[in-house]
Amino acid sequence: MKAAPRDQIRLLDLQELDSTLDRLAHRRRTLPENAELAALQEQIAELRDKLVAARTEVGDLDREQTKAEQDVEQVRARADRDAKRLDSGMVTSAKDLASLQSEIASLQRRQSDLEEVVLEIMERREEAEGRVGTVESRQRELDAALAELNERKDKAEQEISGQSSLTSDARKGVAADIPADLLGLYEKLRDQFGGVGAAALTRGQCQGCRLALNTSDLNRIRAAAADDVVRCEECRRILVRTPESGL
């Protein structure tokens with residue numbers, strides 16, 4: 001392939017712009033905010049599960065307390081009915097009186113036991129509500145941290161996008177100066193060799209693979225016409241000759 005020396009030099013300008021775009025893309029992918037965001041979102045998800053569990057526990061205890069209070073009320077109502085019968089004087093049999101008094105005493109003990117259950121449930125519910133409050137407070141903290149982190153990430157990405165846009169515009173101008181066949185070869189090699197399709201020959205060394213050329217290869221390049229497009233024998237990238245090539 002033939003290309004004017006000036007066009008070959010322009011390949012180095014294009015390569016520098018492409019390398020800059022690659023660095024910016026890598027910077028976007030590896031923003032520290034990305035890792036922080038993933039870790040924070042994991043914490044928020046775990047906290048959300050804890051909050052659901054804590055609120056479910058409070059709801060369960062609410063139902064348990066309601067049931068226990070209903071049991072207390074039923075026993076109290078029955079004890080009140082028996083007490084009224086006892087006070088009415090309608091029960092005159094000694095045996096029936098003794099049975100009624102025994103039942104009232106049993107109901108009072110049952111009521112006392114049930115009231116203890118209610119108090120125990122209320123204490124557990126208070127503790128559960130405390131856990132809900134603690135988790136909700138932590139959730140607010142993490143939500144605030146998430147908002148701040150997203151703001152930092154957006155700012156960093158906007159900066160990268162601005163630099164990428166300017167670089168892309170410059171690349172279009174440089175690419176327009178390069179003949180289509182040379183540009184096509186460069187793009188093909190860039191895809192094959194990790195984003196680097198053209199490299200300068202500097203003091204006998206290929207700047208693409210960083211290997212020094214042997215004497216035979218250097219002599220071959222010295223003998224090539226100025227408009228010959230030469231390739232590195234080691235990495236096969238386009239090798240661009242410059243005043244610093246050492247030829």
Side-chain angles (χ1 to χ4, degrees), residues 24-162 164:
L24 287 169
H26 179 265
R27 182 183 164 196
R28 183 191 295 274
R29 291 192 302 271
T30 58
L31 280 173
E33 288 83 1
N34 290 332
E36 292 177 43
L37 190 59
L40 187 56
Q41 288 172 334
E42 184 176 346
Q43 291 182 54
I44 289 173
E46 292 176 357
L47 201 65
R48 189 181 299 117
D49 291 341
K50 289 181 179 179
L51 185 57
V52 169
R55 285 174 173 169
T56 299
E57 183 181 4
V58 170
D60 291 342
L61 288 170
D62 279 340
R63 288 186 289 273
E64 191 175 342
Q65 181 178 335
T66 298
K67 175 63 169 60
E69 288 173 344
Q70 289 173 346
D71 290 343
V72 170
E73 189 55 37
Q74 289 175 356
V75 171
R76 181 185 292 116
R78 184 174 173 183
D80 287 345
R81 287 195 302 270
D82 287 350
K84 288 178 180 177
R85 286 183 60 203
L86 185 63
D87 294 342
S88 68
M90 297 176 59
V91 180
T92 56
S93 166
K95 181 178 179 181
D96 290 343
L97 284 171
S99 176
L100 187 57
Q101 289 171 339
S102 176
E103 182 176 355
I104 291 172
S106 176
L107 289 171
Q108 289 174 340
R109 288 192 299 272
R110 176 61 176 160
Q111 179 179 331
S112 177
D113 291 341
L114 289 173
E115 286 172 345
E116 286 293 329
V117 170
V118 170
L119 289 174
E120 185 268 336
I121 294 172
M122 291 175 67
E123 290 175 358
R124 287 163 53 201
R125 187 185 183 283
E126 184 177 354
E127 292 173 359
E129 283 187 323
R131 286 191 291 273
V132 169
T134 298
V135 175
E136 287 178 338
S137 176
R138 179 58 177 160
Q139 185 179 51
R140 287 190 293 271
E141 292 175 0
L142 292 185
D143 286 343
L146 180 63
E148 187 273 336
L149 182 56
N150 276 321
E151 184 177 349
R152 279 199 287 124
K153 181 173 181 286
D154 289 344
K155 183 177 180 180
E157 288 182 337
Q158 287 171 7
E159 179 185 347
I160 292 171
S161 294
S164 295

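Nothing here was measured: the structure is a model prediction, and the numbers come from that model. We use all heavy atoms of the structure for the numbers below, so side chains are in, but hydrogens, waters and symmetry mates are not.
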Problem set entry | Backbone N/O of G130 and side chain of T134: donor-acceptor pair under 3.5 Å | yes

Exercise. Does the side chain of D71 reach to within under 4.5 Å of the side chain of V75, using non-hydrogen atoms?
Worked result: no

Exercise. CD/E148 to NZ/K153 distance, rounded to the nearest 0.5 angstrom?
Worked result: 13.5 Å

Exercise. Is a donor on one side and an acceptor on the other found under 3.5 Å between the side chain of T56 and the backbone of V52?
Worked result: yes

For this session: Could you tell me whether R124 atom CZ has more than 12 heavy atoms of other residues or ligands within 6.0 Å of it?
Result: yes

Exercise. Measuring from E73:CD to D80:CG, what's the distance to the nearest 0.5 Å?
Worked result: 8.0 Å

Exercise. Hey, what do you get for CD (Q139) to CG (L146), rounding to the nearest 0.5 Å?
Worked result: 11.0 Å

For this session: Give a yes or no on whether E151 atom CD has more than 12 heavy-atom contacts from other residues, nucleotides or ligands under 6.0 Å away.
Result: no

For this session: Can you see which heavy atom on I121 is nearest to which on L61, and at what distance?
Result: CG2-O, 3.7 Å

Problem set entry | Any donor-acceptor pair under 3.5 Å from T66 side chain to D62 backbone | yes

Exercise. Does R125 come within less than 4.0 Å of E129, counting only side-chain N to carboxylate O?
Worked result: yes

For this session: Indicate yes or no: does D60 engage R63 in a salt bridge with an N to O separation below 4.0 Å.
Result: yes

Exercise. Would K155 and E33 satisfy salt bridge (charged side-chain N to carboxylate O under 4.0 Å, His left out), going step by step from the backbone distance to the final call?
Worked result: CA-CA 11 Å; K155 183 177 180 180; E33 288 83 1; over 6 Å; no

Exercise. Judged by modelled atom types alone, do Q74 and Q70 share a side-chain donor-acceptor pair under 3.5 Å?
Worked result: no

Exercise. How many angstroms lie between CD in E157 and CG in N34, if you round to the nearest 0.5 Å?
Worked result: 6.5 Å

Exercise. In terms of heavy-atom contacts, does CD of E126 have more than 12 from other residues, nucleotides or ligands at under 6.0 Å?
Worked result: no

Problem set entry | Step-by-step side-chain contact (heavy atoms from CB on, under 4.5 Å) determination, R140 to S137 | CA-CA 5 Å; R140 287 190 293 271; S137 176; 3.7 Å; yes

For this session: In sequence, state the C-alpha distance, the side-chain angles, and the governing distance for E115 and L119, and then conclude on side-chain contact (heavy atoms from CB on, under 4.5 Å).
Result: CA-CA 6 Å; E115 286 172 345; L119 289 174; 5.6 Å; no

For this session: Please report the closest heavy-atom contact between L40 and A145, naming both atoms and the distance.
Result: CD2-C, 3.8 Å

Exercise. Does a side-chain N-to-carboxylate-O contact under 4.0 Å join E46 and R138?
Worked result: no

For this session: With rounding to the nearest 0.5 Å, note down the distance linking CD in E159 to CZ in R28.
Result: 11.0 Å

Exercise. Only one of E116, R76, R78 forms a side-chain contact (heavy atoms from CB on, under 4.5 Å) with Q111, so which one is it?
Worked result: R76

Exercise. Out of curiosity, R109 CZ to L114 CG, how far, rounded to the nearest 0.5 Å?
Worked result: 13.0 Å

